[in-house]
Asks: 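Have a look at this one before I ask anything.
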Amino acid sequence: MHKTARKIVVALSLLCLLVLTACQSGEKGESEKVTSEKKVKVVNIMETSGIPNASPTLADNSVSFRVINQIFEGLYRLDKNGKPALALAASEPEEKDGGKTLIFKIREDAKWSNGDPVTAQDFEYAWKKVVDPKTAAAYGPQMEEIVKNATPILKGEMSPDELGIKALDEKTLQIELENPVPIFKELLTTGTFFPQNQAFVEKQGDRYGTKSDTLISNGPYKLENWNGTNMTWDYVKNPTYWDEKNVTTEKIHVTVVKDTNAALNLYNTNKLDRVELDGEFVKQYKDDKNFHKDATGRSVYMKMNQGKDGVKTDLANLNLRRGLAMAIDKTGMVNTLLANGSIALNGNVPGNIMFDPETKEDFRKQNGDLLKYDQQEATNAWKQGLKEVGKSELTLTLTSGDTSLQRKQTEFIQNQLEKNLPGLTIKLKNITNQASFQADVTQDFELLLGGWGGDYQDPLTYLNLFLTNSPGNHTGFSNAKYDELVLGAKGKLSVDSEKRWQALLEAEQILLKDNAVLIPLYQGGRAYLQKSNLKNYTTYPIGSENYKWIEKN
């Protein structure tokens, strides 16, 4: 062979050898990568809606607070049994002035995910921001009549700087209350009372909490891969979390699934580890070894828009509201349509969770049925209401989310109302859950299917929403006596537990029996399939789920 040709052959041979070696190296690298990824056990769960907002200050819906509970933390966190346990607080507070002043020490090892220490100033900044009227925080009223000066500050009568919270030094926080509050420790486990890193929040401005890149965390997980509109995201273990040794799961992947059948398909192909069921699916899977069912404290109802900004609607008429509120067969709804452990509810406060401090009797049993299904009475009230507004017929639009269950519910409600109330036409408006949340906040609805899961185990968490001008009201309802009772239960009545309880009972009667502000439907149940290797998915009758201890074997 020619010498030059031989060199070319050798060169080509070496080149092929190098390419082959590189290819083998690449394949090995991919294999190692896959093997490495397999070592990280990912928990796969579902949501029924995208995230509207992840800012503890501005959140106003269950999805947002569920996210916030995984990535942030306050002075206390609910333990596995639903009891407040020390979190960022290093110890129980020093009490002064008969319990009206509390002094907390913040954990020395508490950090933000960017490495900054969590300080007492972070709490002071966050709380003052919540009550500042310029913020328009939906949950600002959580502090009303509880934290010193919160009420006049929310009304614009005092500066936020006068709120009863002060950083005495970097790790010492002083809180002043209007009165000792029996539920205060529970309140401190909720997002409204979480700290915020002032430098980071102000740098982000209006972008804060709108996508994962505009957030830092101080809780068990960080939120990642959320661009503000996508329907998947991840919770990734936060390495700077003070108790990270007890967070065993590296990653939780969340997928938004609105259709139960689609969710089941993902579950059965091992792409979801847990799926909630309703109706026909409950009957189909009730004998499955991984089927579970339990009660919740969620109160599901319809809001009726009586008017806003001084402009009243036809639903400002009490008889029309009473007719609507008594025209739905709730038992039929929960037994056939839901079948998930939900029970018909004829009040706003759910049952078997909150009890009289003296008699230990259940709140719901004590107050009885305030608005129950009564076809004849509903028809009579409706006809009278039409006369009073000078109409023979009425068309109302019912707004709700767009999951498969919500569509079935609104169709059931439409059928019941049109069948039992002569002259009524119901139009259905099924929109995304984010859009439904927004319609509620802006009071852009006539009828709205919604509800409330509560933040803490006390009737106040349900009744506080309907105070005059409360950001959670959105109905046009205003009643001075109701306000007096509810605010009293938050404030001066806190020192007398039985008088406080009686005030809350009376307030619910004013809300529903006297004014029919809502159409109560049912107390939510929870039926679900959960893979046997998924452990410590922690839920509570009231309060957001807690993924801190979740693990997959």
Asks: For Glu545, enumerate each residue passing the salt bridge (Lys or Arg N to Asp or Glu O under 4.0 Å) test, keeping only those at least two apart in sequence or located in another chain.
Replies: Arg66
Asks: Please identify each residue that fulfils salt bridge (Lys or Arg N to Asp or Glu O under 4.0 Å) with Lys237, with sequence neighbours left out.
Replies: Glu244
Asks: In this structure, are over 12 heavy atoms from other groups packed under 6.0 Å from Lys408 atom NZ?
Replies: yes
Asks: side-chain hydrogen bond (donor to acceptor under 3.5 Å, both in side chains) for Asn433 and Gln406? Distances and angles first, verdict last.
Replies: CA-CA 10 Å; Asn433 275 340; Gln406 288 166 322; 3.1 Å; yes
Asks: Looking at residues at least two apart in the chain, or sitting in another chain, which of them share a side-chain contact (heavy atoms from CB on, under 4.5 Å) with Asp243?
Replies: Tyr241, Lys245, Asn246, Lys548
Asks: Given the side-chain rings of Trp112 and Phe200, with only the six-membered ring counted for Trp, is the space between their centroids under 6.0 Å?
Replies: no
Asks: Between Arg274 and Leu534, is any pair of side-chain heavy atoms under 4.5 Å apart?
Replies: yes
Asks: Under a 3.5 Å cutoff, is there a donor and acceptor pairing between the side chains of Asn352 and Arg364?
Replies: no
Asks: Rounded at 0.5 Å granularity, tell me how far OG in Ser212 sits from CD1 in Ile71.
Replies: 9.0 Å
Asks: Any donor-acceptor pair under 3.5 Å linking the side chain of Ser299 with the backbone of Gly451?
Replies: no
Asks: Strictly under 6.0 Å, is that where the ring centroids of Tyr537 and Tyr547 end up?
Replies: yes
Asks: Are the side chains of Leu188 and Phe194 in contact, using a 4.5 Å heavy-atom criterion?
Replies: no
Asks: Does Asn553 offer a backbone N or O that forms a donor-acceptor pair with the side chain of Asn533 under 3.5 Å?
Replies: yes
Asks: Would you mind checking if Lys365 and Glu361 are paired as a salt bridge, meaning a charged N to carboxylate O distance below 4.0 Å?
Replies: no
Asks: With a 4.5 Å limit on heavy-atom distance, are the side chains of Pro541 and Thr296 in contact?
Replies: no
Asks: Whether Lys258 and Asp402 form a salt bridge (side-chain N of Lys/Arg under 4.0 Å from carboxylate O of Asp/Glu) is what I want to check.
Replies: yes
Asks: Keeping the roles fixed (side chain from Thr461, backbone from Asp455), state whether a donor-acceptor pair exists under 3.5 Å.
Replies: yes
Asks: Which residues pass the ring pair (Phe, Tyr, Trp, His ring centres under 6.0 Å) test with Tyr285, not counting sequence neighbours?
Replies: none
Asks: Under 3.5 Å, is there a donor on one side chain and an acceptor on the other for Glu250 and Tyr235?
Replies: no
Asks: Are any of the side-chain heavy atoms of Lys429 and Leu398 separated by less than 4.5 Å?
Replies: no
Asks: Run through Val147, Leu460, Leu187 and flag the one making a side-chain contact (heavy atoms from CB on, under 4.5 Å) with Gln142.
Replies: Leu187
Asks: Got Val67 and Trp226 here, is their nearest side-chain heavy-atom distance under 4.5 Å?
Replies: no
Asks: Do the charged groups of Glu224 and Lys211 touch, with an N to O distance under 4.0 Å?
Replies: no
Asks: Of all residues at least two apart in sequence or in a different chain, which pass the ring pair (Phe, Tyr, Trp, His ring centres under 6.0 Å) check with Phe445?
Replies: none
Asks: If we only count heavy atoms from C-beta on, is the Asp362 to Gln366 side-chain gap below 4.5 Å?
Replies: no
Asks: Distance under 6.0 Å and angle within 45° of the ring axis: does Lys531 meet both against Tyr267?
Replies: yes
Asks: Rounded to the nearest 0.5 Å, how far does NZ of Lys330 lie from CG of Leu371?
Replies: 6.5 Å
Asks: Could I get the full list of side-chain hydrogen bond (donor to acceptor under 3.5 Å, both in side chains) partners for Lys129, not counting sequence neighbours?
Replies: none
Asks: Is there a donor in the side chain of Asp116 and an acceptor in the side chain of Asn114, or the other way round, less than 3.5 Å apart?
Replies: yes
Asks: Going by heavy atoms in the side chains, are Ile550 and Lys535 under 4.5 Å from each other?
Replies: no
